[in-house]
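Working notes, structure below.
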Amino acid sequence: MNERSSIKDHVAVVTGGAAGIGEAVVSRFAAEGARVAVVDKDPDKGNSITEKIKADDADALFVRADVTSASETKEAFRLVLERWGKVEILVNCAGGFFETHAIEDQKEEDWDAILAWNLKSVFLCCREAAPTMKKEGYGRIVNISSQAGRTGILETALHYGAAKAGILGLTRRLSVELAPYGITANAVAPGVVLSPRVAEMHKDRLPEINKTIPMARPGGAEEIADGIWYLSTPGSSYITGVTLDINGGRWMT
């Protein structure tokens, strides 16, 4: 395999790695020969995906952590560094939202929770990864935003859209700060991805949503993982501060 496209033996931390896009990233990275730390707050799912990839000879570690907590995030990275001594790739997949409400019905506590889950978590993980990446003089950070952070779409929630837009600003600012150290920071903005949660949420509206997508279908988590993989490779060395839109043509810059 061309070294520019290989992440073999690279140490990767994937948050939200137990389900959805995160799980697809974990599986793709493991198949590519990366050393993968699956960070998730769900121990059952986290251990399950970790044991699955280890059965295929992956070098993997599950770390249970709530990445909205500074102390738990710090401990998660300590365990990864204890195991492998460095972090070369960070993929921030943790996130999601509960329900969609009109702004007058939006509870403050839900607003705080969703911004913490989707945006604060990215900040905390990047803060822990940056020192070890600077020490190595190399790093790839990929933050998962959303089409909801690019444009207003009603099938996602207000607080979720705000958090995902915040990820884009954080990523651009971080890319400038870290560029001199050989570290890139990019974002991926998926459109409609047919995870079990999304399928249930939009089961009555999916045919109408499909009509708004030029490819006339939702994406698969594996298709998003393919884009994340590329931004995590050495070959993406001159790409930083960008957002890769993966949405079947539904939204274009």
Problem set entry | Residues Arg250 and Thr212: side-chain donor-acceptor under 3.5 angstrom | yes
Exercise. Hey, any chance Tyr160 and Leu158 share a hydrophobic cluster, counting ILVMFWY side chains that come within less than 4.5 Å of each other, even indirectly?
Worked result: no
For this session: Linking directly or through intermediates, with side-chain heavy atoms under 4.5 Å: list the remaining ILVMFWY members grouped with Tyr238, chain and number order.
Result: none
Exercise. Excluding sequence neighbours, so at least two apart, what forms salt bridge (charged side-chain N to carboxylate O under 4.0 Å, His left out) with Lys211?
Worked result: Glu208
Exercise. What residues, two or more places apart in sequence or in another chain, satisfy salt bridge (charged side-chain N to carboxylate O under 4.0 Å, His left out) together with Lys74?
Worked result: Glu128
Could you pull out every donor-acceptor pair under 3.5 Å between side chains of residues 54-63 and any protein atom, sequence neighbours left out?
from: Asp59; atom 1: OD1; to: Arg83; atom 2: NH2; distance (Å): 2.9
from: Asp59; atom 1: OD2; to: Trp84; atom 2: NE1; distance (Å): 3.1

Exercise. Do the side chains of Val67 and Val11 join up, straight or via other hydrophobic residues, at under 4.5 Å, putting them in one cluster?
Worked result: yes
For this session: To the nearest 0.5 Å, tell me how far Ile246 CD1 sits from Ile228 CD1.
Result: 6.5 Å
Exercise. Do you know which two heavy atoms are closest between Ala221 and Gly20, and how far apart they sit?
Worked result: CB-O, 3.9 Å
For this session: Grab the two heavy atoms, one from Ala37 and one from Val80, that are nearest each other, plus how far apart they are.
Result: CB-CG2, 3.7 Å
Problem set entry | N/O donor-acceptor pair under 3.5 Å between Thr240 side chain and Ala185 backbone | yes
Exercise. What distance do Lys41 atom NZ and Ser69 atom OG have between them, rounded to the nearest 0.5 Å?
Worked result: 11.5 Å
For this session: Starting at CD1 of Ile183, measure out to OG of Ser237 and round the result to the nearest 0.5 Å.
Result: 14.0 Å
For this session: Let me see the working for Glu23 and Arg28 under salt bridge (Lys or Arg N to Asp or Glu O under 4.0 Å), right down to the final yes or no.
Result: CA-CA 9 Å; Glu23 181 179 356; Arg28 176 66 192 267; over 6 Å; no
Problem set entry | Audit row: Arg64, Glu72, salt bridge (Lys or Arg N to Asp or Glu O under 4.0 Å) steps and yes/no | CA-CA 9 Å; Arg64 198 223 71 82; Glu72 291 193 26; 2.6 Å; yes
Problem set entry | Check against side-chain contact (heavy atoms from CB on, under 4.5 Å), Val91 and Phe29 | CA-CA 11 Å; Val91 182; Phe29 280 16; 3.9 Å; yes
For this session: Might you work through the side-chain contact (heavy atoms from CB on, under 4.5 Å) test for Trp229 and Val25, ending with a clear yes or no?
Result: CA-CA 7 Å; Trp229 162 80; Val25 171; over 6 Å; no
Extract all donor-acceptor atom pairs below 3.5 Å that involve side chains of residues 170-179 and protein atoms in other chains or at least two apart in sequence.
from: Thr171; atom 1: OG1; to: Asn143; atom 2: ND2; distance (Å): 3.0
from: Thr171; atom 1: OG1; to: Ile167; atom 2: O; distance (Å): 2.7
from: Arg173; atom 1: NH1; to: Glu177; atom 2: OE1; distance (Å): 3.0
from: Ser175; atom 1: OG; to: Arg172; atom 2: O; distance (Å): 2.6

Exercise. Sub-3.5 Å donor-acceptor pair from the side chain of Asp40 to the main-chain atoms of Thr15, do we have one?
Worked result: no
Exercise. Is there a path from Leu168 to Val188 through hydrophobic residues (I, L, V, M, F, W, Y) whose side chains come within less than 4.5 Å of each other?
Worked result: no
For this session: Any chance you could measure Cys126, atom SG, to Asn92, atom CG, to the nearest 0.5 Å?
Result: 5.0 Å
For this session: Quick one: name the residues clustered hydrophobically with Trp251, using the 4.5 Å side-chain heavy-atom rule over I, L, V, M, F, W, Y, and just say none if it's on its own.
Result: none
Exercise. Does Asp66 have any salt bridge (charged side-chain N to carboxylate O under 4.0 Å, His left out) partners at least two apart in sequence or in another chain, and if so, which?
Worked result: none
Let me check something: any side-chain donor-acceptor pairs from residues 104-115 under 3.5 Å, sequence neighbours excluded? List them with distances.
from: Gln106; atom 1: NE2; to: His159; atom 2: NE2; distance (Å): 3.4

Exercise. Would Ser236 and Arg4 satisfy side-chain hydrogen bond (donor to acceptor under 3.5 Å, both in side chains), going step by step from the backbone distance to the final call?
Worked result: CA-CA 8 Å; Ser236 65; Arg4 297 281 291 164; over 6 Å; no
For this session: Applying salt bridge (charged side-chain N to carboxylate O under 4.0 Å, His left out), name anything that partners Glu75, two or more places apart in sequence or on another chain.
Result: Arg78
Exercise. Taking all atoms of both residues into account, what is the closest heavy-atom pair of Pro214 and Gly248, and its distance?
Worked result: CD-O, 3.4 Å
Exercise. Backbone N or O of Thr233 within a donor-acceptor pair of the Arg140 side chain at under 3.5 Å?
Worked result: yes
Seminar exercise, completed: Smallest heavy-atom separation, Pro234 atom then Ser6 atom, equals CD-O, 3.3 Å
Exercise. In the single-linkage hydrophobic clustering (I, L, V, M, F, W, Y; side-chain heavy atoms under 4.5 Å), do Ile144 and Ile141 co-cluster?
Worked result: no
For this session: Starting at CD of Glu88, measure out to CD1 of Ile7 and round the result to the nearest 0.5 Å.
Result: 10.0 Å
For this session: Supply the atom-to-atom distance Asn186 CG to Ile239 CD1, rounded to the nearest 0.5 angstrom.
Result: 7.0 Å
For this session: Mind checking side chain to side chain donor-acceptor pair (under 3.5 Å) for Asp245 and listing every partner two or more places apart, or none if nothing turns up?
Result: Arg150
Exercise. In terms of hydrophobic clusters joined by side-chain contacts under 4.5 Å, are Met133 and Leu231 together?
Worked result: no
For this session: Sequence neighbours left out, what passes side chain to side chain donor-acceptor pair (under 3.5 Å) with Thr243? Give chain and number order.
Result: none
Exercise. Tell me the side-chain hydrogen bond (donor to acceptor under 3.5 Å, both in side chains) pairs involving residues 129-139, sequence neighbours left out?
Worked result: none
Exercise. Any donor and acceptor pair, going by atom type alone, linking the side chain of Glu51 with main-chain N or O of Ser48 inside 3.5 Å?
Worked result: no
For this session: Search all heavy atoms of Gly22 against all heavy atoms of Cys93 and return the closest pair with its distance.
Result: CA-SG, 3.7 Å
